[in-house]
Structures are given as structure tokens and as C-alpha cells.
Amino acid sequence: MYRTHTCGQLRIEDCGKEVTLSGWVQKSRDLGSMTFIDLRDRYGITQLVCDDTTDKSVYETAKTLSREYVIQVKGLVRERSSKNNKIPTGDIEIEVKDINILTTSKIPPFTIEDNTDGGDELRMKYRYLDLRRNCVKQNLELRHRLAMMVRNYLSNENFLEIETPFLIRSTPEGARDFVVPSRMNPNQFYALPQSPQQYKQLLMVSGFDRYFQIVKCFRDEDLRADRQPEFTQIDCEMSFVEQEDVLNMFEGLIKSLFKQEKGLEFGKFQRMTWHDAMKYYGSDKPDLRFDMKFVELNDVFQGKGFSVFDDAELVVGICAKGCANYTRKQLDALTDFVKRPQVGAKGLVYVKYNEDGSFKSSVDKFYTPEDLQKVAEKFGAEKGDLMLVMSGKTMQVRTQLCALRLEMGSQLNLKDPFNYAILWVTDFPLLEWNEDDQRFYAMHHPFTAPNPEDYPEKLDTDPGAVRANAYDLVINGTEVGGGSVRIHDRNMQLRMFEALGFTEESAKQQFGFLMSAFEYGAPPHAGLAFGFDRLCAIFAGADNIRDFIAFPKNNSGRDLMSDSPNFISDEQLEELYLALKPVEK
RNA sequence: GGUCUGGUAGUUCAGUUUGGUUAGAAUACAUGCCUGUCACGCAUGGGGUCGCGAGUUCGAGUCUCGUCCAGACCGCCA
């Protein structure tokens, strides 16, 4: 028997017991004629002691132990003479009677501690060692708990978890597909699913009126801190429901997770239309942990001879509470921030509402104190506030001001990761115009149902203004989930394809099986999917989802541990009827 | 496809602004001492292709160009 207890288990009441423990050597502290060893496993750390009561040959073995050796120890539990209240086993220690070295270890390239000395790259390369660290292990434990809660909640609500295929047909809409060559069907390829979208809709046609799946999805797009090429969704679909039913069901799920995991209770989640989110926060995923709402200022700023504002489509600003004391240097830094290529603004206008009631702005040449007073009134600004104003084309300037708003939120410490601001964003546009291709694309996906108020009339007259029955769940500025009511009527689906520039034939070619299925009695249905990795990160107050995935990829989509992707042999290529093309510089 | 930041002992970093003697610190590692440590302590020691390549120069870790790698972001992500 390798162990009678784990390394996190023994307490003061176990004193006097003969026990056997197995684990990794965390650290050895040699005090001369006395040696302490911290033994670690998944459950915790237990201190081992060798002193003059220890058999000499056993002590000699103890002296040879080095970090990360795997050992088995037999000994007696005894009370410590000096306790350690930092660990749960801190009241006891093991008087070592026998040590068995199970395996030795090379010196690890970084320390296996919460405050490791290892950098990201090194930790990825030796991910199996990184996972030994308590903080990383706890992230995976959190992930497991949340997955269990999701399964329990949905199972109790009569949802069935049904697996869908990973080797599927490629569809050109949406993100790039990862493709897999088929040996048995030369020159033909499978694709890995970007999501099980069409399969879950088929399951609705099949009568499984409540489906879910915690499932891997694959997208061959550039990565970010919150984007991995393979990631996990909580994918859900329901039949005989309207948008309201879906929002209520999954609001319940999210509330249940927060209640169980964090003991937090929330009232009804705030809702905001996509239009308002863009107008007041410049983003379809506004961070509502702080306010700093956009205020549109065309009427007070235009017509006074300041051509930058006079010529702009939109003049819009935010008010930073208590920031009128910002120095010239700080204001210049903000200007530099918005001028960075990532933000892309031309400049930034500030108006200080000083404590003495006077105004100081970067455009004093053009505006009288009375003008600026009106601006302040628009903002509802008080003495001591700083107003920051930008102008330009409507959508562009909103995006730029959004970047500034988030930056101010960071500077003013308004982004407490454990203060959760949750909202539904609803009424997304159905279609999105693409300048490059000169055509509309589905903003969500081509199966999303239009809002009945806008269909069919507006689809002909003003396609860009048609609202969809689509919704996102946003927490602290992160999109953690999204979904829609689906089209279940074949004619409506054909109209949609038409609007997207598909012919009936090309639509059939790509989505034929779904369209065929809809000819055999499709129920009204709707659903959504949550980004499970992001959800885990948010529960832990983290930004990067990598720490919540056991074996993640890096920025370039590489697995630094296994060094993949990598080349395959000529034999493999031959078998797959593939030939490589040289990379052009 | 683009913008920015970084690459120097096993590791994390300083040094680069202003080119100039033998490239430092902490930590890790090794050896010795130490009976209550738990970030143990003390002493000693080993450890460097300054990412790679080219250039400028009497001389390059330091300046220039190219390139590779890593990270953050923009585009992209139905």
C-alpha cells in the first residue's frame, strides 16, 4: 500500500497513529542533526522530521532527498513543538521511521511554488510541472466544480447531454475552420466544429427539446489572452421557447453558479439593447463595474468655430469624477493613449471643472466659460471633475472613446475583478455590412431569427436596421455567452440566405442537410452557448483563460510542450494525397 | 496583415540613455557548519554563445539593419 493518508489529511487528533504517506519532496530543511522535509501531494503538505530518534540508515537516505523526488514514508504522527498556522496540517508532523525513494527527479527548471520564479514560456514548456503548483491546480479544481454544477443544474431542468461529431463538413461562413484530410476519401476534408450549431438544431428537429453539451470548439483565428484555438463551450438549445424563456433559464444557471461557488446573490440581470450599449458605452460588451456613460455633445460644441468638432459626425465624451486635478503630463499621456495605432484617434479634448468653479480646457480659444458651463451641465459634472471629449465618425469615435473609458476605469481602480457587473445585451443587428466584400454577413449566424417587428418589411427596405432575436451575456466587459432564437421556418430561412447573397443552390450545397431537416417539422427553438474557459477565469478574477486550461496553446497557436503543430512525414502526406507548397516570404 | 514591449547565469531581472578594465544582484544549485525549521540561518564555490546573423567602429551586451522567439493589443473571431 503506497499510502494510508494523503498529505493534506492528518490533524492533531491523529497523533500516535502509524501512517504511510507518498508524495513529492517540496523542500528539505537540514538543520544539522535534524532535517525537516515538506511532503506534497494534490491535497496539501505534511512535514516530515528526521532527528536522533530516526534510524541512522533512514536518516542517511533523508539527507540525499532533493526537490521533486517521489518518496514513500512510514512514520508516527506527533504534535509539533512549534506549530505552523499557515497550513491545515500545521499542528502535526511525521516522525519518520522509514523512507522509500520511489523515483528521483532532475532539478526542475523553476520553483514549484505559488510565487514561482518561472516565466510564462518556461512554465508552458514544462506544463506538467506548472500544474503541480497549488494555484494552477486550484484553477482546474474550480473548473471541475463549475462543470459539475452546470451538469447538475441542467440535468435537473431536464436537459440531456448529447455528444455531436468533431469531424464535420466545412462551412465557409464565420471563423476559419481547422480542416482534417480524409485518407479514405482522397482530396476531401473534414472540418472541426466552430460550435455544434447545426447539430444542436438537428437535435431539436429530432425532438430532444432540451439539449446541452460541455464541448470543445475549434476556430482557426488569431489568439488573445481570452481566445484559444480550441476552447470549451457550454452549448445549449431548447424547443418550444421564446427569447424570454431562454434568458430566464440561463440567468438561473449563472445565478446558481455564483451562489454555490461564491455565495453571491443577484437580482434580475440588467438588460440593455445593443443600440444603447453602443450609444452609451461604445461597445457591445460594456463593462458596467463603473459608470462613465457617454454623453453626446454635438449641440453644445458645434457651431462655435472649432472645425474639428464642427466637421465631426459625432462629438461625444465621458466625465471622470474628481480628475480635474490631472496634471498636464497626465492629460498628455491620455492624449498619447488615444493616438496609439490600436486606438487610432486624432486627438483628445479635455475640460476641467475646477474646484473654484472655473473652467480650463484645451479649446479655450473657441469656447467661452458659458459654453463650457453648458457642457458641464450636459455631463451632470460637478466641481473637481474632468471631461474628456472626442469626435469623428459615429462608430469609430464610439470605439475610441470606449478604449479611453476602459483606460480611465483602470487608472481610477474601478475594475475590481470580484465586483461582478452582469447584463444581457439584446436586440443585436441581424446583418452586418462588410465593406471589403460589399455584402451583408450574419452578425450572429445565418440561422438567427429576425425580430418579428422588423420582418419582413425592413429586410427589403433597410437590411442593416433589422434587429435579431439575439442576445449576449456580458460580465465585467467580457462576452461570456451568446445565442439567439433560430429560424424554424424554411421560407424565412430562404429569405435570410437571399439577404446574405446565397442562391438557393449554394445555400443547399452548404446547409442542405439542415434545410432538408426543416422540411420535416422543425419546432420553434432557441439556444445559447457560454464560453466555459472565460467563465472560469471570471470566477477566479483572472484575465487570461490559459491558466484554466490544463494544456493550452500560446499566442501563435503552438503547444510549447509537445512542440506542435509540426511537420508530418512524406509517407503520411502520400497516404493523404497531400503535397506541400513552399512558404513565400 | 499591422502596432507596441521584451529576449543578458538553471530562473527572475539590473546594466543599453552617454560604446571602453574581469558583465552584476537575487534566487536556484553544490560543498561545509548548525536540534525546532517552515521564504530556516551562516560560510564557501561553480555557473554567461548578453536570442541568432550581418554592419558601423580601434573597440558592441550597449548603435544600425535583418531575422527568430515570447507577450499585450488592432484587424480577424458567423
Side-chain angles (χ1 to χ4, degrees), chain A residues 26-39 45-54 63 66-68 78-87 89-90 93 106-126 129 171-177 194-195 197-198 217-229 231 336-337 339-344 399-400 403 406-407 428-432 434-436 440-448 468 470 479 482-484 496 500 510-511 529 531 543-544 546 554-556 558 560 563 585:
Chain A
Q26 174 76 25
K27 192 159 238 176
S28 163
R29 291 179 294 278
D30 182 359
L31 272 65
S33 51
M34 190 176 204
T35 292
F36 298 99
I37 295 159
D38 289 339
L39 190 68
I45 284 180
T46 299
Q47 176 166 283
L48 315 175
V49 189
C50 298
D51 56 19
D52 49 14
T53 67
T54 311
K63 294 245 185 200
S66 177
R67 283 166 54 202
E68 302 306 314
R78 74 182 190 201
E79 187 174 359
R80 290 201 199 186
S81 56
S82 60
K83 301 187 171 161
N84 181 352
N85 57 14
K86 289 179 197 157
I87 55 173
T89 62
E93 61 193 4
K106 292 187 5 183
I107 299 297
F110 53 87
T111 55
I112 313 292
E113 288 160 12
D114 280 2
N115 278 321
T116 182
D117 60 2
D120 289 343
E121 191 178 351
L122 199 69
R123 286 169 40 217
M124 284 305 160
K125 187 170 174 192
Y126 298 93
L129 297 180
T171 49
E173 291 281 297
R176 291 187 190 87
D177 283 331
Q194 299 169 26
S195 88
Q197 183 60 38
Q198 291 172 55
C217 300
F218 307 85
R219 291 178 191 175
D220 187 8
E221 295 292 346
D222 284 12
L223 308 177
R224 292 281 190 283
D226 62 352
R227 270 164 33 190
Q228 284 273 307
F231 61 100
D336 289 344
F337 173 83
K339 281 181 167 174
R340 287 166 49 196
Q342 285 95 329
V343 181
T399 307
Q400 291 160 356
L406 292 174
E407 171 65 17
F428 277 76
L430 185 69
L431 303 169
E432 199 174 25
N434 183 302
E435 277 296 331
D436 295 339
F440 281 106
Y441 278 91
M443 194 156 185
H444 192 56
H445 56 62
F447 318 110
T448 299
E479 178 199 331
S484 64
M496 266 301 289
L500 292 169
Q510 285 174 40
F511 309 109
D543 292 327
N544 202 313
R546 260 176 234 170
N554 80 354
N555 235 2
S556 322
R558 300 200 65 86
L560 295 175
D563 192 25
K585 283 265 168 176

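The chains referred to below are lettered A, B, ... by the order of the sequence lines, with proteins before strands, and numbering in each begins at 1.
The partner of B/rA26 is B/rU11, judged by Watson-Crick or G-U wobble contacts that both fall below 3.5 Å. Across every strand in view, B/rG41 sits in a pair with B/rC33 that passes the Watson-Crick or G-U test at under 3.5 angstrom. For B/rU67, the paired nucleotide is B/rG51, the pair qualifying as Watson-Crick or G-U wobble because both relevant distances are below 3.5 Å. Under the Watson-Crick or G-U wobble criterion, with both distances below 3.5 Å, B/rG20 is paired with B/rC58. Nucleotide B/rU3 is matched to B/rA72 when pairs are restricted to Watson-Crick or G-U wobble geometry with both distances under 3.5 angstrom.
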Quick test: give all pairs of protein nitrogen or oxygen and nucleotides 45-47 of chain B nitrogen or oxygen below 3.5 Å, distance rounded to 0.1 Å.
none

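Checking the phosphate oxygens (OP1, OP2) of B/rC29, a side-chain nitrogen or oxygen of A/R67 falls inside 4.0 Å. For the pair A/N554 and B/rA70, the criterion of a side-chain N or O lying under 4.0 Å from OP1 or OP2 is met. Regarding contacts with the backbone of B/rA72, a side-chain N or O of A/N555 is found under 4.0 angstrom from either OP1 or OP2. Under 4.0 angstrom from either OP1 or OP2 of B/rG75 there lies no side-chain N or O belonging to A/R224.
Scanning both residues, A/P109 and A/L122, for their nearest heavy atoms gives O-CD2, 3.7 Å. Here the closest heavy-atom approach between residue A/T171 and residue A/Q198 is recorded as CG2-NE2, 3.9 Å. Residues A/L560 and A/K125 approach most closely at O-CG, 4.0 Å, considering heavy atoms. In this structure, A/L223 and A/S556 approach most closely via the heavy-atom pair CD1-C, 4.4 Å. When every heavy atom of A/M496 is checked against every heavy atom of A/P446, the shortest pair comes out as CE-O, 4.0 Å. For A/G174 against A/Q194, the heavy-atom pair with the smallest separation is C-OE1, 4.2 Å.
Taking the C1' atom of each, B/rG47 and B/rC29 are spaced 9 Å apart, rounded to whole Å. B/rC38 and B/rG53: their P atoms are spaced 46 Å apart (whole Å). Between the C1' atoms of B/rU64 and B/rU56, the separation comes to 7 Å (whole Å). Spacing between B/rA39 and B/rA26 at atom C1', rounded to whole Å, works out to 13 Å. Spacing of P atoms, B/rG41 relative to B/rA54, comes out at 46 Å, to the nearest Å.
At whole-Å resolution of the value, CE in A/M124 and P in B/rG71 are 8 Å apart. Residue A/R123 contributes atom CZ, which lies 16 Å from atom P of B/rA70 at whole-angstrom precision. Atom CG in A/L223 sits about 11 Å away from atom P in B/rC73, given to the nearest Å. The CD atom of A/Q342 sits 8 Å away from the P atom of B/rC4 (whole-angstrom rounding). When the P atom of B/rU27 is taken as reference, atom CD1 of A/I107 falls 17 Å away, rounded to whole Å. Between A/K339 atom NZ and B/rC4 atom P there is a gap of 16 Å when expressed in whole angstrom units. Summarising the geometry, the separation between CG on A/L406 and C1' on B/rC73 is reported as 13 Å, rounded to the nearest angstrom. Distance CG (A/N434) to P (B/rG75): 13 Å, rounded to an integer number of Å.
Where A/D222 and A/T111 each meet RNA chain B at their nearest nucleotide, the meeting point lying more 5' is that of A/T111. With RNA chain B read from its 5' end, the first of the two nearest nucleotides for A/P341 and A/S66 is the one closest to A/P341.
At a threshold of 4.0 Å, the pair A/K86-A/D114 does not count as salt-bridged, since none of the basic side-chain nitrogens sits closer than that to a carboxylate oxygen. With respect to the salt-bridge test (charged N to carboxylate O, under 4.0 angstrom), the residues A/D38 and A/R29 qualify.
Annotation for A/K63: atom NZ counts as buried by contact number, over 12 foreign heavy atoms lying within 6.0 Å. More than 12 heavy atoms of other residues, nucleotides or ligands sit less than 6.0 Å from atom CG of A/N434.
Comparing B/rG10, B/rA70, B/rC73 against the side chain of A/A225 picks out B/rC73 as the nearest. The side chain of A/E221 approaches B/rC76 more closely than any other nucleotide in the set B/rC76, B/rA70, B/rG10.
Residue A/D120 is out of contact with every strand shown, counting any heavy-atom pair closer than 4.0 Å. Nucleic acid contact for A/E432: none, since no nucleic acid atom lies under 4.0 Å from a heavy atom of the residue. If you check every strand for non-hydrogen atoms under 4.0 Å, A/S556 touches sugar and phosphate atoms only. Here A/N544 lies in heavy-atom contact (under 4.0 Å) with sugar-phosphate atoms only.
Residues meeting the ring pair (Phe, Tyr, Trp, His ring centres under 6.0 Å) test with A/F110, sequence neighbours left out: none.
The base of B/rG10 lies close enough to the side chain of A/D117 for a donor and an acceptor atom to sit less than 3.5 Å apart. With hydrogens and angles ignored, a donor-acceptor pair closer than 3.5 Å exists between the side chain of A/R227 and the base of B/rC77.
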Verdict with reasoning, A/D336 to A/K339, per salt bridge (Lys or Arg N to Asp or Glu O under 4.0 Å): CA-CA 5 Å; A/D336 289 344; A/K339 281 181 167 174; 5.7 Å; no
B/S/- contact track for nucleotides 32-38 of chain B, protein heavy atom under 4.0 Å: --BBBBB
